[in-house]
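Position 1 is the first residue of the sequence, and the numbers go up from there.
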Amino acid sequence: MVVHLFCPSGPPPDDAEPARVGFVVNKAVGNAVLRNRVHRRLRAVMAARLQELPPGSLTVVRALPATATSSYDELVADVDGALKRVLDAR
């Protein structure tokens, strides 16, 4: 799994938009049923972590083929690790 984060520079203004998240799950992950399952799981994981993201930020989560065979708990661990790396690098 790959996570990209774009944050506008400087402190967020008072009227900053909420953080947004997008997902990329391409055909290398599997057939449509598998891709949709991975997308739904990733959406659920990120929904619980949306408050941790800076206001106005844009995040893209790209699923790699190995995510098709990952359990929900493994996805949570992967997302948490990737978000920690990205947020620490800011």
For Pro65 and Ala28, the nearest pair of non-hydrogen atoms, with its separation, is CB-O, 3.6 Å

In short, Leu64 meets Thr67 closest at the heavy-atom pair O-OG1, 2.6 Å

Value for OG (Ser57) from CD (Glu17), rounded to nearest 0.5 Å, stands at 10.5 Å

Separation between CZ (Arg62) and CG (Asn26), nearest 0.5 Å, reads 6.5 Å

Using a 4.5 Å side-chain heavy-atom cut-off and chaining through intermediate ILVMFWY residues, the residues clustered with Leu42 come out as Met1, Val3, Leu5, Val21, Phe23, Val25, Val29, Val38, Val45, Met46, Leu50, Leu53, Val61, Tyr72, Leu75, Val76, Val79, Leu83, Val86, Leu87

One should read off an interatomic distance between Arg43 CZ and Asn36 CG, to the nearest 0.5 angstrom, of 9.0 Å

Residues at least two apart in sequence or cross-chain that pass salt bridge (Lys or Arg N to Asp or Glu O under 4.0 Å) with Arg49, listed by chain then number, are Asp80

Joining Ile, Leu, Val, Met, Phe, Trp and Tyr whenever any side-chain heavy atoms lie under 4.5 Å apart, the cluster holding Leu58 also takes in Phe6

